[in-house]
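Inspection log for the structure reproduced underneath, given as structure tokens.
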Amino acid sequence: MTDPWCWLALVPDEPVGARTASIVEEDGRPAGWLGIWDRSDEGHPSAALRMDGRAASPESGEALPWLSLCVGGSPRAFDDGGVAVTLRRCLAEPWPGMRSTLLVDWHLIGGAVSAARRPQALADDPFARLFPARILRAREPVLYAVPAPTGPALSRYGSGNPWPWDRYAGQVT
Amino acid sequence: MAPLLSAGNRFPDLELVDHGGNIRRLSDLVGGDPTLLHFYRGWWCPKEQTFFRGLVRLQDEAEVAYTRFVSVSVDPPQVTAAFRAGLGGRWTFLCDPDRVYLDALDLRETTDTLYNPYVPSAFVLRPGLEIEEAWNGYWFWGRPTAEELRMAFRRVTRSIRDDWEVPKA
């Protein structure tokens, strides 16, 4: 059973004890390292954010090399109207392969990450209207395809879990 | 409606391609929430367009109510994706252009030999795919109204959410 969330951070040096990938900018310049830590791993950096745990699991789907990472600026309350409008756009528009909100805590969203086979699928990331966006490429497999949520439901299943994690713990399915 | 698809029975766990070209399984799409499963003739039918306009209005409530929609037709993914985008639908559309489930579900519209579509029909499913209520929409007035869907979603939600009654402090 995949954990609803894990920690994700882009850091300058290769982190120890994390699943990692070296990251480059769209033009090939080095951009640091993407690190993923299990939810229970206390070794994550303080800047790490909560990501849908399925996106870190190879069992979820194919590895997706291109990333749209939208982080920075001021976190927003998840109930902010701008966040709701963005989530609606994500459901209405073609699904790139994987998306996850990046949560600071149960209340605040600090950004989002999306991944795709090709950078063109990330060119109009709805989250880029909320947070500064960068198109990046992972040199090693680190993010995996997660199917689009069924819709139209877009609430979080447990306020501490990132969207689009789509069920409560212990639910009959 | 075929006896197989009446209330209390388990709906078959379909596996079809979605509007984006991805293979999806119905049980995964339903997950743990009340779900409207809706079969429609195709993009070309004015009755379907009218019914969809009602669903598009209802999706604004469903999006905050932990409720899911799935629509199924014989249209191929590219046609379905364009139709969905034109409607403004924010839920999953499944495609059965090879008509794999048409006879298995006994949902072939026998009076349309041109398109060979699904009979318009609607089901509210519970988690686990149990049919809560079914509607035969061959005639337009056989389809569920928004109010009937709300009532079915309420019944399912009340029965599956342990905290329907506000938890005591």
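Labels below follow one simple rule: chain letters A, B, ... track the order of the sequence lines, proteins then strands, and each chain is numbered from 1.
Under 3.5 Å, the side chains of A:Ser114 and A:Arg99 contain a donor-acceptor pair of N or O atoms. Between the side chains of B:Ser27 and B:Asp13, at least one donor N or O sits under 3.5 Å from an acceptor N or O.
With chain A as partner, the option from B:Leu58, B:Val70, B:Leu29 having the largest number of non-hydrogen pairs under 4.5 angstrom is B:Leu29. Ranked by non-hydrogen atom pairs under 4.5 Å with chain B, the options A:Pro149, A:Cys90, A:Ala92 are led by A:Ala92. The residue among A:Pro152, A:Ser155, A:Gly151 with the most heavy atom pairs within less than 4.5 Å of chain B is A:Pro152.
A perpendicular orientation is assigned to the rings of B:Phe69 and B:Trp91, their planes being inclined by more than 60° (bins at 30° and 60°).
Neither the backbone nor the side chain of B:Arg126 comes within contact range of chain A; no heavy atoms are under 4.5 Å apart. No part of B:Asp162 comes within reach of chain A, as not one of its non-hydrogen atoms sits under 4.5 angstrom from that chain. Both the backbone and the side chain of B:Ala62 come within less than 4.5 Å of a heavy atom of chain A.
Among residues 14-36 of chain A, no residue has any heavy atom closer than 4.5 Å to a heavy atom of chain B.
Counting heavy-atom neighbours within 6.0 Å of B:Trp164 CH2, excluding the residue itself, gives a total above 12.
For residues 77-87 of chain A, the side-chain hydrogen bond (donor to acceptor under 3.5 Å, both in side chains) pairs, not counting sequence neighbours, are A:Arg76-A:Asp80.
Aromatic ring centres of B:Tyr40 and B:Phe51: separated by at least 6.0 Å. In this structure, B:His38 has its ring center under 6.0 Å from that of B:Phe52.
Relative to the six-membered ring of A:Trp163, A:Arg156 misses at least one condition, a distance below 6.0 Å or an angle of at most 45° to the axis. Judged by the 6.0 Å distance and 45° axis criteria, A:Arg167 is not positioned over the aromatic ring of A:Tyr157.
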